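First the structure, in the form of structure tokens, and then the observations on it.
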Number of protein chains: 4
Amino acid sequence: MAEVDTTTRILDTAEVLFAERGFAETSLRTITGKAGVNLAAVNYHFGSKKALIQAVFSRYLDPFTARFHEALDALEARYHGRTVPLEALLESVAETALAVPAERNSLKVFMRLLGLAYSQAQGHLRRHIQQHYGDVFTRFTGLVRRATPDLPDAERFWRLHFVLGTAIFTLSGLDALKDIAEQDYAQQVSVRDLVRRLRPVVVAAMNAPLPDAART
Amino acid sequence: MAEVDTTTRILDTAEVLFAERGFAETSLRTITGKAGVNLAAVNYHFGSKKALIQAVFSRYLDPFTARFHEALDALEARYHGRTVPLEALLESVAETALAVPAERNSLKVFMRLLGLAYSQAQGHLRRHIQQHYGDVFTRFTGLVRRATPDLPDAERFWRLHFVLGTAIFTLSGLDALKDIAEQDYAQQVSVRDLVRRLRPVVVAAMNAPLPDAART
Amino acid sequence: MAEVDTTTRILDTAEVLFAERGFAETSLRTITGKAGVNLAAVNYHFGSKKALIQAVFSRYLDPFTARFHEALDALEARYHGRTVPLEALLESVAETALAVPAERNSLKVFMRLLGLAYSQAQGHLRRHIQQHYGDVFTRFTGLVRRATPDLPDAERFWRLHFVLGTAIFTLSGLDALKDIAEQDYAQQVSVRDLVRRLRPVVVAAMNAPLPDAART
Amino acid sequence: MAEVDTTTRILDTAEVLFAERGFAETSLRTITGKAGVNLAAVNYHFGSKKALIQAVFSRYLDPFTARFHEALDALEARYHGRTVPLEALLESVAETALAVPAERNSLKVFMRLLGLAYSQAQGHLRRHIQQHYGDVFTRFTGLVRRATPDLPDAERFWRLHFVLGTAIFTLSGLDALKDIAEQDYAQQVSVRDLVRRLRPVVVAAMNAPLPDAART
DNA sequence: GATGAATGAGAGTTCATTCAT
DNA sequence: GATGAATGAACTCTCATTCAT
């Protein structure tokens, strides 16, 4: 690990602890203690606990956003103007999501954090994410819209979130689920494994027939 | 609300607050304050905060479990011995889940709580649920197995959790999602609505083709 | 134990718990819980925790006082008017102290309680004891005075307390000391044993030469 | 009092209050209030109430142990190899015990604390003391053994504790006893006074004849 | 005669944050 | 640039006691 600076040490430690326990359950004392830095360092370097939480997210989302924009650029270039097929779009998300945190604690932590962002009170966090990273999501949904012209807008909106939910829920609850899976099937599971299993399910979900009496 | 006893008042208040903010973010002070009871009442009636959390769950899961067993009994009776089709099983879950909390704060709170049970540290809660309510889940998965004989065991396991994740994630994050949906599509969404939309997606997900190179 | 009434059950339980842990460290909840009676019973039957503590003492001290008076009567009768020798007086205390709690949890508990009465804050208790049981002690010291005419009054006062201290300290700390003794000498110790060992030591202490330059 | 640092202020205040009321009866709120420091300061500087209690003891026992070792070194040097007489050994304890807390609240507090250590539940404290200060006690008893070759081991063990009990009980209950003494004999008592009175008593106690039928 | 329910007070502890150095 | 010390607020929990029944 060589000698890394205080700011990084805090981020590294905080991200793991947040993912393991949630935000409220992780005290600054625990973070700074494990990171081997002074208790006051978080407030000194980040200003507050809230700001630290946002910084932890930014370290994932900044490169994710950048790469995802590039990936979409590449896709659009390849299809020059024509509709990019849904499978390619979904593949693209998956690839980016797998690529970004590869060097770090990996997808699991990232997803765990995303799940927390949804499920924990942290209103400030949801606002922060929407503000800084809403654009790329909007671009993506635009492309998905062109790829699924027969889907009513509302239906598409919900299905995207169904699918997002599946991914976040599964990958973030990975440890708990792995425990159960391994005890039931004595079988090891890797993240890539899970993503492979998710692919056909996600595609099928997006392409499912419309519900009866769809009023929209 | 008429005059309800202290225990119930605490449960009612706690369940809403837990769902809104999470467990760690909801203090006993807030609960008892809002419920208009003495601060010590929680410890008197439940023993500890942990026990209160579990009690909140039991109030949903006990009737849910009972009804779900009945529903499965009815299904098995109707098909006397023959395989119950997947659609009927999934329908049965949905119906039970909708029926139980109908009189209460409804499905949303219940799902929010379930989501928290997964995502928050609360190890004690996961253990409690698995211990007290594992049976009905086991029975259900057994029936699903008969209904999907072509699905490898591991694949079925994961798909059930994919689908469970979708439901929990969507229904529990309902408020946040509703905000976005309504601002994007100026459209009201009800829980029943969402369940209706979920149905074909869930079926499609379970019936999706196997992933390439499935090693199981 | 047959069926004993609530008051007795409380006293029996309280006395053991007090001796084991001290007064402040023993809650009414613990007492009533272990005694299998209602939490409010202590306050109902005794009025307060203080009154319970005093009642526990009275149950020992009332018979002790009565018997000790009888024993001193007998001694004085035997020596009709002549000085009762010190050894006889000390023997008399020891015998009474051993006899009274024989049917109960025995001397150890009694001494433990006495020790607590001295060492714990409980000012109310010291006052209570002095008020209700001071007479017999005064009578005893009067006899000791006649038996040790060469001892200055102050010296006698202190030596009696030295000796009382030895007894209380040793017998009340019996469990801790037994632990150490048994681990050092692998030897069992009984209360009677200890009293036998105490006898010559106490006599020698009372008869020790006066200190140098005794200014009294 | 000049300006002393928080840690010391807490220790000074705690030691007096503990001695006056016992451990359980002294709340951190009382200590910090009287010391004029923040309530959280105890936990910040010591970690817990238990740790504070142990720290209070260490402040006495560390210098006591050091000085006592030195005193025993000096004695052994003076007698080079030959048996150190019992009187010299006892004198040495008394001197050290008087010297150490001279600058502080004095022997009374120290003894009161020791008494509490025996009589109050505080198992952690007994363990702490035995662990950190057992050595010097072992060394001392070794020397006493050489000085009293005719005493059976068990007898010596108990007599040492008898004598220790006398000292602790008398000196720790000093205030109560002084009250009684002064009201009976209108006479002031100092600690040095009491130690002077204790000396011949203690020697006589150690040299008392063996009890009848001593089985050891 | 006895009790289940409830309560106000106070316990030890942990928290994020601040500030002088 | 960084930190040890300190703080006020809030936490969960336990206490002895009261009271309507």
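Labels below follow one simple rule: chain letters A, B, ... track the order of the sequence lines, proteins then strands, and each chain is numbered from 1. Worth saying up front: this structure is predicted, and the values here are computed from it rather than measured.
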Reading DNA chain F 5' to 3', how would its secondary structure be written in dot-bracket notation, given Watson-Crick and G-U pairs with both distances under 3.5 Å, brackets [ ] for crossing pairs and | for partners on other strands? .||||||||||||||||||||
May I have the distance from [X] (atom [atom1]) to [N] (atom [atom2]), rounded to whole angstrom?
X: C/Leu52; N: F/dC15; atom1: CG; atom2: C1'; value: 15 Å
X: A/Arg9; N: F/dG1; atom1: CZ; atom2: P; value: 17 Å
X: D/His45; N: E/dG12; atom1: NE2; atom2: P; value: 17 Å
X: B/Ile31; N: F/dA10; atom1: CD1; atom2: P; value: 17 Å

Set of side chain to side chain contact (heavy atoms under 4.5 Å, CB included) partners for [X], sequence neighbours left out:
X: A/Ser27; result: A/Arg29, A/Thr30
X: D/Ala55; result: D/Leu11, D/Phe46
X: B/Ala35; result: B/Thr13, B/Val37
X: B/Ala66; result: none

If you look at every strand shown and take non-hydrogen atoms under 4.0 Å, does C/Thr26 touch a base, only sugar-phosphate, or nothing?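 Sugar-phosphate, no base atom in range.
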How would you label the contact of C/Thr32 with the nucleic acid (heavy atoms, under 4.0 Å): base, sugar-phosphate, or nothing?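 Nothing: the residue C/Thr32, judged by heavy atoms under 4.0 Å, touches no strand.
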Taking the side chain of A/Ser27 as heavy atoms from C-beta outward, which of F/dA6, E/dA2, E/dC15 is closest to it?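 When the side chain of A/Ser27 is considered, E/dC15 is the closest of F/dA6, E/dA2, E/dC15.
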So, D/Lys34 and D/Asp12, do they make that salt bridge, N to O below 4.0 Å?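 Answer for the salt bridge query: no.
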Sort me out a list of protein N/O and nucleotides 17-21 of chain E N/O pairs below 3.5 Å, or just none if empty.
from, atom 1, to, atom 2, distance (Å)
E/dT17, OP2, A/Lys49, N, 3.1

Atom pair CZ/OH of D/Phe64 and D/Tyr133 - distance to nearest 0.5 Å: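 Atom-to-atom, D/Phe64:CZ and D/Tyr133:OH are 11.5 Å apart.
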Check whether any side-chain heavy atom of A/Asn38 lies under 4.5 Å from a side-chain heavy atom of A/Thr6, and answer yes or no.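 A/Asn38 vs A/Thr6: side chains apart.
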Any sub-3.5 Å donor-acceptor pair from D/His132's side-chain atoms to D/His128's backbone N or O?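 Checked: pair present.
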